[in-house]
Amino acid sequence: MQILQERFAMAIGRAFPEVDPAERDPLITGSKMAKLADFQSNGAMALGKKLGKNPREVAAAIVKHVDVADIAEPLTEQSIAGPGFINIKLRSDALAMLVTRMDGATLGVPVPEVKETAVVDLCGVNLAKQMHIGHLRAVIIGDAIARLFERLGHNAVRQNHVGDWGLPIAMVTAKLKQLSDAKKIDMATLSLDSMEKLYKLSQLECAAEERGLAMARKYRMGPKVIAELEAQVEGAKEAMAHAKQTLVKLQAHEPAVFAIWQRISDITMKACLDTCAALHSNVKAEHSAGESSYALELGPVVEELTKRGIAEESAGALIVRVEGLEEPCIIRKSDGGYLYATTDVAAIRRRVQKLDGTRVIYCVDIRQSLHFKQVFGAAHRAGYDINLATKKPARLEHAGFGMVLGDDGRPFKTRSGENVKLMDVINEAIRRAAAVVNERSAELPEAQRARVAEAVGVAALKYADLSNDRVKDYVFSFDRMLAFEGNTGPYLLYALVRTRSIQRKATAERAIQPGTWTNAPIAIGEPAEKTLALTLLRYPGVLASAAEALEPHRICNYIYDLAGTFSSFFDQCPVLKAPDDATMLSRLRLCALTERVLADGLTTLGLPTLERM
RNA sequence: GCCCCCGUAGCUCAGUUGGAUAGAGCAACGGAUUUCUAAUCCGUCGGUCGGAGGUUCGAAUCCUCCCGGGGGCGCCA
């Protein structure tokens, strides 16, 4: 396709020298009409408009000047269709040559002209809380995007922006310290579950029902009710004051308080990293960069922005106005406290200027889009987005994602309305996968069945999420993701297993040594071979467009397409029973290449793969 | 009230950045197998792309206005 692009651009240059080289795009795409062509050029229409000429005549001129005899069937008047499409059919030897060329170490993925550093914000857990279904997307989409950049030869820096600072954390710290001091809990053995309950309790205790009290007074609800509410408000004020004191002590790293906080952090992060590992997602301790790690940078940032006149006072608070936005970015409250926007502005500075980011990508709920517009705008005004090496602004991007919904179309919750714990979801997917594996693959040893079930369950769960357009909500369904048919993780694993099985069999039953077909000449004859070859060739372009748009589902669509194309090939083109040895070896090589592309795609998405199932 | 996102087959979703006759899977129906792993393949059925205008050779895609659903809107994170 790259070649066609170049050849046609040259032809346009020869036919219309007056056209600026930058505007000689022949718009080569895969053909919509598989019967008519393999590729098509749509450039003649655009060019015709620009030159004020009949697009069909433009197409005719391009056809006359283009030189593709070595790779495509001859272009004629008949190649021009409709308003000026140029249909291109590749010669089968050229197709074989292109596939052969792709069958190298990189699978046709070029070394990037400019090496980017993508800083990827992912996971985003909060201390003292379990990971729930809402974190699923932040982990796996973020990990997939990071893997994609690594796969394309760029740098990826993962950042787990842990919510480990601020008043809510101080509230639970205060609560736990108080209980621990009273010997009512043991911090050494406290579970995350009980910690989360105490977290919620601490929030409640600090929330003053002032509105309720006002209502009660207004409607003269009786002294007993009012007295109770007054006591509640009084208690809440006390708890809040205590939490604020704790926050100050925490910020000063006062040992007794800090030790409690550290313990909360350890317990939460252990569970978080275990969950990420269960998901086969690359989120490790070294990726943690919690809000607390920015604590000392906030004051200086605010001071600098004030001094430079970027921040201004408004109703007692300090704000940064952002072009095109009604709502400014608030970086300091009127009581002098900082906000999460302040932390995020500081984070951009670190991510671009310390971590050398050229793209800073946030895998965070789409509902935060306004927040990120504000923060990006503020950071841009401050120049914190200027990469020190390139002297150019980094791309600040919010790869926002939609919600996970239940069958009822409402946010996915348990029957009692609680958040669904992520670890429970993972285990349930594996449990359901195991039931199927035990039935369908009863011949495998038990230990292997367990491994297969684990991979199938995790692949199903992740694929069901990644295969949807990121920005949209999607309906969560164990039944559908594990249906073992259609656009699912299991279907892809199955296709991969078949590419491997056939190669194993070649060695075992036909005594062909592995590697014999690695360099075998490829011949493309049958339609199914041709479709497979054309599909394989699309891989590098798919990865590039997925990275540009930050849309992993493009890779999903592609490997699903490839798996389907391979299944048809598998059905229609006998490999081990091919008519002759040359065909057999050629087809074995196609199987091997398909295997590598499928495995590469799955790995880039962060899905586990299998040898057998 | 203002802003953002979404609306495609009965259901769940794609649609290569404006290209030809809008595609998959599920569901329904029919066919293929003494298998190269049938967890598969092939076929049939199913659409005024929410609606109405506009832009142009050409619109699911871009613009405007409506309808419907969701979300967000200065000192929570």
Side-chain angles (χ1 to χ4, degrees), chain A residues 27 29-33 36 40 42 45-46 48-49 54-56 81-85 87 124 126 163 165-169 291 314-319 325-335 337-341 343 365-371 373-374 400 402-403 405 409 436-437 439-441 443 456 464 467-469 471-475 477 479-480 482-488 490-491 493-495 497-498 500-506 509-510 538 541-542 545 548-549 553-554 556-558 560-561 564 567-578 587 591 612-613:
Chain A
L27 300 173
T29 67
S31 177
K32 261 263 161 81
M33 317 289 273
L36 293 178
Q40 62 188 50
N42 301 332
M45 280 85 77
K49 185 187 266 179
N54 181 329
R56 280 195 74 105
F85 301 107
N87 284 321
N126 295 302
W165 211 238
L167 196 52
I169 303 297
E291 294 175 338
S314 169
L318 206 57
I319 64 167
L325 286 182
E326 198 74 25
E327 304 87 344
C329 182
I330 303 177
I331 58 170
R332 195 179 66 198
K333 296 191 280 186
S334 44
D335 69 2
Y338 304 124
L339 300 100
Y340 78 130
T343 309
D365 194 319
I366 193 74
R367 287 175 293 189
Q368 307 226 6
S369 58
L370 175 61
H371 165 69
K373 278 181 192 160
Q374 294 168 334
M403 276 185 295
L405 306 177
V436 184
V437 171
E439 186 187 325
R440 300 215 193 218
S441 304
E443 76 284 358
V456 168
S467 61
N468 288 290
D469 189 352
V471 302
K472 294 186 186 172
D473 298 346
Y474 76 95
V475 177
S477 160
D479 286 339
R480 219 170 337 102
L482 282 156
F484 294 86
E485 48 212 3
N487 192 2
T488 65
Y491 174 81
L493 291 186
Y494 179 66
V497 160
R498 294 212 292 184
R500 289 176 168 167
S501 155
I502 202 164
Q503 293 180 79
R504 266 200 311 273
K505 211 151 223 175
E509 291 182 8
R510 305 295 294 268
R538 279 168 38 209
V542 168
S545 84
E548 176 55 32
H553 80 281
R554 295 183 189 222
C556 296
N557 285 337
Y558 170 79
Y560 175 58
D561 202 5
S567 290
S568 299
F569 162 83
F570 187 88
D571 201 61
Q572 286 153 36
C573 298
V575 177
L576 300 179
K577 293 172 190 161
R587 287 178 180 171
C591 288
R612 299 165 207 265
M613 63 191 282

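Within every chain, numbering begins at 1; the chains are lettered A, B, ... in the order of the sequence lines, protein sequences first and strands thereafter. This is a predicted model, so every value here is computed, not measured.
One finds a side-chain N or O of Ser568(A) lying less than 4.0 angstrom from the OP1 or OP2 phosphate oxygen of C42(B). For His371(A), no side-chain nitrogen or oxygen approaches OP1 or OP2 of C73(B) to under 4.0 Å. Taking side-chain N and O atoms only, Lys49(A) has no distance below 4.0 Å to OP1 or OP2 of G58(B).
U34(B) and G46(B) have their P atoms separated by 33 Å, with the value rounded to a whole Å. Straight-line distance between the C1' atoms of G25(B) and C2(B): roughly 41 Å, to the nearest whole Å. Comparing the P positions of A60(B) and U55(B) gives a spacing of 16 Å, expressed to the nearest Å. Comparing the C1' positions of C45(B) and A28(B) gives a spacing of 8 Å, expressed to the nearest Å. For the C1' atoms, the distance linking G47(B) with A14(B) amounts to 15 Å, nearest Å. G51(B) and G7(B): their C1' atoms are spaced 11 Å apart (whole Å). Across C29(B) and G72(B), the matching C1' atoms stand 47 Å from one another, rounded to whole Å. Rounded to whole Å, the separation between the C1' atoms of G23(B) and G15(B) comes to 7 Å.
Listed nucleotides: C13(B), A39(B), A20(B). Nearest to the side chain of Asn87(A): A20(B). For Gln368(A), the listed nucleotide lying nearest its side chain is A77(B); candidates were G72(B), A77(B), G19(B). Here the nucleotide nearest the side chain of Arg367(A), chosen from G72(B), A20(B), U37(B), is G72(B). The side chain of Met403(A) approaches G71(B) more closely than any other nucleotide in the set G7(B), G71(B), U37(B). Residue Ile330(A) has its side chain nearest to G74(B) when only G19(B), G74(B), U37(B) are considered. When each of G74(B), C41(B), C73(B) is scored by its nearest atom to the side-chain atoms of Tyr491(A), the top-ranked nucleotide is C41(B). Distances from the side chain of Met45(A) to the nucleotides C57(B), A14(B), A39(B) place C57(B) closest. Closest approach to the Gln40(A) side chain among C41(B), U37(B), A20(B) is made by A20(B) (side chain taken as heavy atoms from C-beta onward). When the nucleotides U40(B), G72(B), A77(B) are ranked by their closest atom to the side chain of Ser567(A), U40(B) comes out on top. Ranking U17(B), C6(B), U12(B) by closeness to the Val475(A) side chain, first place goes to U12(B).
Per the geometry, CD belonging to Gln374(A) stands 8 Å off C1' belonging to G74(B), to the nearest Å. Atom P of nucleotide G74(B) and atom CG of Leu325(A) are separated by 13 Å, given to the nearest angstrom. In this structure, Asn557(A) atom CG and G15(B) atom C1' are separated by 8 Å, rounded to whole Å. Atom C1' of nucleotide U16(B) and atom CG of Asp469(A) are separated by 13 Å, given to the nearest angstrom. Taking atom OH on Tyr474(A) and atom C1' on G69(B), their separation rounds to 20 Å, with Å as the unit. Rounded to an integer number of Å, the gap from Asp571(A) CG to A32(B) P is 13 Å. Rounded to an integer number of Å, the gap from Asp473(A) CG to C5(B) P is 14 Å.
With contacts defined as side-chain heavy-atom distances shorter than 4.5 Å, the pair Lys505(A)/Val575(A) does not qualify. Between Met45(A) and Leu27(A), the closest side-chain pair of non-hydrogen atoms is not below 4.5 Å. Looking at Asn42(A) and Phe85(A), their side chains come closer than 4.5 Å, going by heavy atoms from C-beta outward. Contact check for Gln40(A) versus Thr29(A): side-chain heavy atoms found under the 4.5 Å cut-off.
Side-chain atoms of Arg56(A) come within 3.5 Å of backbone atoms of Gly82(A) as a donor-acceptor pair (strictly under, hydrogens ignored).
Checking Arg612(A) against Ser441(A) by side-chain atom types alone, no donor-acceptor pair falls below 3.5 Å.
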Base-pairing string, 5' to 3', of RNA chain B - Watson-Crick or wobble, under 3.5 Å, | interstrand: (((((((..((((.....[...)))).(((((.......))))).....(((((..]....))))))))))))....
Between N or O atoms, less than 3.5 Å apart, protein on one side and nucleotides 21-25 of chain B on the other: list the pairs.
| residue | atom | partner | partner atom | Å |
| --- | --- | --- | --- | --- |
| A24(B) | O2' | Tyr560(A) | OH | 3.0 |

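Donor-acceptor pairing under 3.5 Å, judged by distance alone, is absent between the side chain of Thr488(A) and the base of A39(B).
Within a 6.0 Å radius of CD in Glu443(A), more than 12 heavy atoms belonging to other residues, nucleotides or ligands are found.
Among the protein residues, Pro328(A) comes within range of the nucleic acid bases, having at least one heavy atom under 4.0 Å from a base atom.
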